[in-house]
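Working notes, beginning with the structure itself.
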Amino acid sequence: MKEVRVRFAPSPTGPLHIGGVRTALYNYLFAKKHGGKFLLRIEDTDQTRFVPGAEAYIIEALNWCGVSYDEGVGIGGPHAPYRQSERKELYRKYADQLVSEGHAYYAFDTSEDLDQMRDRLKAKGVATPQYDVFTRGEMVNSLTLTPEETSSRLESGDAYVIRILIPENEEILVNDLIRGEVKVHSSRLDDKVLFKSDGMPTYHMANIVDDHLMEITHVIRGEEWLPSAPLHVLLYRYLGWEAPQFAHLPLLLKPDGNGKLSKRDGDRLGFPVFPLHWTDPVSGEISSGYRESGYLPDAFINMLALLGWNPGSEKEIFTMDELVEVFSFERVGKSGSKFDPEKAKWFNHHYLSNLPNEDAARLLVAILNEKGINTTLEYAVQVCAMVKERAVLIPDLWDQSWFFFQAPESFDEKVIQKFWKPETPALLNKISALLEDTSDFSVENLDNVVKGFIQNNNLGMGQIMNTLRLVLVGGSFGPGVAAIISLLGKDETVNRISKALEKLG
RNA sequence: GGUCCGUUCGUCUAACGGUUAGGACGCCAGGUUUUCAUCCUGGUAAUAGGGGUUCGAUUCCCCUACGGACUACCA
């Protein structure tokens with residue numbers, strides 16, 4: 001059997017959004033599952049839409065989430081170059097071949113001509129004005145011009161495009177791995193431009209030529225391409241090439257209402273739509289990313305994989321390798337999936353709390369460094385062991401543990417009102433003294449010491465625990481009191497008690 | 001408007017003719033806990049509507065409704 005070769009082919013017009021990442025992911029999973037190759041091709045045939053930084057963004061995003069490619073922009077490969085603008089010369093001869101074999105023709109219409117044609121047809125009540133079998137006879141092209149007129153226009157340098165000549169009366173079949181057989185009548189297709197007047201091929205031409213030359217076996221792309229798939233099938237046939245298999249993925253929809261997920265939804269609903277943070281080079285507009293928001297790449301991928309695909313079992317936590325193992329198009333759904341930001345958080349929480357303490361500690365240390373706080377990895381490991389399961393996003397690691405690195409400056413009024421009694425200072429002083437005399441600072445022993453104190457003095461548990469917690473962390477949150485004391489150590493604990501007592505009396 | 005694709009709890013989805021229609025997120029309630037979380041247990045909630053086919057339809061067919069994509073010398 002032929003080696004599986006698939007590609008992800010974005011155009012560098014801006015940041016990649018998570019729908020694009022999912023398309024790349026499914027390509028990757030399919031390739032790896034079948035021991036094939038996954039390539040990255042940049043489709044930059046539209047020079048007017050080029051956005052600086054977009055290509056670098058795409059590569060960085062793929063690298064961040066572990067969707068690595070075997071050939072492509074940045075790393076090269078046997079079919080280099082992988083940027084279509086650098087393959088410009090390749091396409092022309094195939095367009096010429098189509099013209100000479102009667103499957104394509106030259107068209108000299110200006111954009112004004114085209115507009116007029118559309119207006120004229122609309123006025124006549126035609127629903128979809130197209131450059132097609134019905135209208136091509138009224139336009140300026142090598143079908144209506146004499147051969148002499150055509151060649152003289154060509155020679156004099158008139159602007160022209162090359163359009164495909166769609167056959168008149170034919171049922172075109174597209175076989176889709178997800179949707180089965182899709183049938184479209186050729187009379188519904190228009191004579192799409194294959195070659196633009198600026199000398200660049202359009203997407204339709206370039207993608208067929210490149211997929212063939214790069215020996216792509218499966219075209220896995222978004223559903224928005226389904227309507228033009230029949231055109232592509234025709235192109236493969238006219239060029240005499242074997243068409244790859246197609247798989248058109250359902251779209252990612254916005255969480256509320258309907259329609260496909262867009263950049264605006266993220267701003268509106270407060271969740272990232274992009275894998276990485278992005279600043280628009282022109283407008284300066286900023287879009288948040290999953291990475292910067294504190295998501296783990298593994299969680300991000302796991303979440304994305306299950307949006308539109310399911311394993312057929314009740315398992316839902318998967319490593320990348322496990323995904324590769326079980327992925328198949330049979331289990332990709334046909335309908336669009338609404339994106340659920342809450343589920344994304346759930347995945348991240350799961351991954352964060354299952355992270356080895358050392359890994360979590362490294363994330364925490366990075367935050368600490370940014371804040372100019374010095375600590376040891378060993379200490380951070382102990383902190384994370386206590387707080388990681390309380391964190392949903394990476395920054396929560398700090399939000400849940402800052403008091404291990406600095407004494408509280410203020411104390412929660414509500415806790416004071418509820419638990420701070422006239423006798424509290426005296427009791428805390430006693431505990432402080434008791435702790436000073438304690439040498440075993442293990443959590444277990446500390447727990448016994450504090451609870452023993454409470455019992456021996458016939459006090460309420462909540463009374464002491466809550467005030468002790470208050471003076472140590474400043475409020476009513478955090479891990480167990482004994483655990484906090486244990487990690488803080490004798491000096492710091494005693495210190496915090498006396499400092500708080502000065503403030504709270 | 002036209003073409004194409006789609007439609008199971010609020011959301012992601014399972015059930016490829018026979019199940020009390022299952023799981024997960026969310027939400028609600030209880031439990032664990034010195035706090036807040038976590039965690040555990042339970043609960044809530046769905047086959048868009050109408051016709052067929054069939055002994056039997058979530059499942060197959062048709063119609064309707066609704067939703068989406070596409071409809072550029074953009075990808």
Side-chain angles (χ1 to χ4, degrees), chain A residues 9-13 43-46 48-49 107 109-111 114 118 122 125-131 159-163 174 176 178-179 182-185 187-190 192-198 200 202-204 206-207 222-230 248 250-251 253 255-260 303 306-316 330-331 333-347 349 353 387-392 396 400 412 415 419 447 450-451 454 460-470 473 475-482:
Chain A
S11 64
T13 54
E43 311 230 327
D44 55 351
T45 51
D46 186 357
T48 63
R49 293 211 308 163
D109 315 273
T110 63
S111 52
L114 261 17
R118 288 186 194 109
K122 269 185 188 157
V126 176
T128 38
Q130 304 194 117
Y131 205 118
Y160 68 92
V161 300
I162 295 175
R163 309 187 87 111
V174 178
D176 190 276
I178 294 169
R179 280 151 227 286
V182 178
K183 242 190 300 188
V184 180
H185 193 85
S187 64
R188 303 297 172 191
L189 267 32
D190 62 336
K192 278 269 183 301
V193 171
L194 264 21
F195 218 84
K196 300 186 273 187
S197 55
D198 67 358
M200 278 287 208
T202 60
Y203 167 83
H204 303 295
N207 123 75
E223 193 185 5
E224 68 268 26
W225 292 109
L226 193 51
S228 53
H248 289 95
L251 268 17
L253 274 19
D256 63 336
N258 297 302
K260 68 173 170 180
M303 176 271 294
L306 257 44
L307 222 46
W309 169 87
N310 76 83
S313 68
E314 270 162 19
K315 179 177 165 76
E316 57 182 344
E330 280 126 65
R331 304 215 65 95
K334 298 184 199 332
S335 52
S337 312
K338 282 189 187 175
F339 179 73
D340 182 2
E342 288 305 316
K343 189 88 184 220
K345 283 187 191 160
W346 178 81
F347 272 110
H349 173 256
S353 38
V387 305
K388 66 177 184 184
E389 73 219 26
R390 316 167 85 89
V392 173
D396 296 336
Q400 294 291 342
D412 190 327
V415 180
F419 296 104
D447 203 45
V450 176
K451 283 180 178 165
I454 291 169
M461 194 78 141
Q463 201 64 222
I464 295 306
M465 287 301 192
N466 285 299
T467 49
L468 191 48
R469 170 184 295 284
L470 178 73
V473 309
S476 163
F477 49 81
V481 168

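Each chain gets a letter, A, B and so on, in the order its sequence line appears, and its residues count up from 1. Because only heavy atoms are used, hydrogens play no part in the values below, and waters and symmetry mates are left out as well, while side chains stay in. Note that the structure is a prediction, hence the values are computed from the model and not measured.
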Taking the same atom, [atom1], in [N] and in [M], what whole-Å distance lies between them?
N: B:C40; M: B:U58; atom1: C1'; value: 33 Å
N: B:C12; M: B:C27; atom1: C1'; value: 16 Å
N: B:U38; M: B:G30; atom1: P; value: 15 Å
N: B:C4; M: B:G23; atom1: C1'; value: 33 Å
N: B:A14; M: B:C70; atom1: P; value: 25 Å

Establish, with yes or no, whether the OP1 or OP2 oxygen of [N] is under 4.0 angstrom from a side-chain nitrogen or oxygen of [X].
X: A:Arg331; N: B:C12; value: no
X: A:Thr45; N: B:A75; value: yes
X: A:Lys192; N: B:C73; value: no
X: A:Asn466; N: B:U34; value: no
X: A:Thr202; N: B:A72; value: no

Handout entry: Residues A:Met461, A:Lys451; criterion side-chain contact (heavy atoms from CB on, under 4.5 Å); working and verdict
Key = CA-CA 8 Å; A:Met461 194 78 141; A:Lys451 283 180 178 165; 3.2 Å; yes

Handout entry: Check: A:Ser228 main-chain N/O paired with A:Lys192 side-chain donor or acceptor under 3.5 Å
Key = no

Nucleotide [N], atom [atom2] - distance to [atom1] of [X] in whole Å:
X: A:Glu342; N: B:G26; atom1: CD; atom2: C1'; answer: 7 Å
X: A:His248; N: B:C5; atom1: NE2; atom2: C1'; answer: 11 Å
X: A:Asn207; N: B:A75; atom1: CG; atom2: P; answer: 10 Å
X: A:Arg179; N: B:U7; atom1: CZ; atom2: C1'; answer: 13 Å
X: A:Tyr160; N: B:C73; atom1: OH; atom2: P; answer: 17 Å
X: A:Asp396; N: B:U38; atom1: CG; atom2: C1'; answer: 13 Å
X: A:Asp340; N: B:U11; atom1: CG; atom2: C1'; answer: 5 Å
X: A:Leu253; N: B:C66; atom1: CG; atom2: C1'; answer: 14 Å

Handout entry: NZ (A:Lys345) with more than 12 external heavy atoms under 6.0 Å
Key = no

Handout entry: Greater than 12 external heavy atoms within 6.0 Å of A:Lys183's NZ
Key = no

Exercise for the section: Write down the atom of A:Val193, the atom of A:His204, and the distance for their closest heavy-atom approach. Expected result: O-CD2, 4.5 Å

Fill in the blank from the handout: Residues A:Val387 and A:Gln400: closest non-hydrogen pair is CG1-O, 3.5 Å

Partner lookup for [N], please. Criteria are Watson-Crick or G-U wobble with both distances under 3.5 angstrom; report none if nothing qualifies.
N: B:C55; result: B:G18
N: B:C4; result: B:G68
N: B:A46; result: none
N: B:G10; result: B:C25
N: B:U33; result: none
N: B:C73; result: none

Minimum-distance nucleotide to [X] side chain [options: [options]]:
X: A:Glu43; options: B:U11, B:A37, B:A75; answer: B:A75
X: A:Trp346; options: B:A14, B:G26, B:G68; answer: B:G26
X: A:Glu223; options: B:A24, B:C5, B:A15; answer: B:C5
X: A:Lys451; options: B:A24, B:U34, B:C12; answer: B:U34
X: A:Glu314; options: B:G22, B:A24, B:U34; answer: B:G22
X: A:Ser11; options: B:U38, B:A75, B:U34; answer: B:A75

When all nucleic acid strands are considered with a 4.0 Å heavy-atom cut-off, which category describes [X]: base, sugar-phosphate, or nothing?
X: A:Pro129; value: nothing
X: A:Gly480; value: base
X: A:Ser197; value: base
X: A:His349; value: sugar-phosphate

Fill in the blank from the handout: Assert: residue with more 5' nearest nucleotide on RNA chain B, out of A:Ala482 and A:Val161, is A:Ala482

Fill in the blank from the handout: Ranking A:Arg163 and A:Ala391 by the position along RNA chain B of their nearest nucleotide, the one closer to 5' is A:Ala391

Quick test: give all pairs of protein nitrogen or oxygen and nucleotides 42-46 of chain B nitrogen or oxygen below 3.5 Å, distance rounded to 0.1 Å.
none

Under 3.5 Å, which N/O atoms of the protein pair with N/O atoms of nucleotides 2-4 of chain B?
none

Problem - Distance-only donor-acceptor test, A:Arg49 side-chain atoms vs B:C74 base atoms, 3.5 Å - result: yes

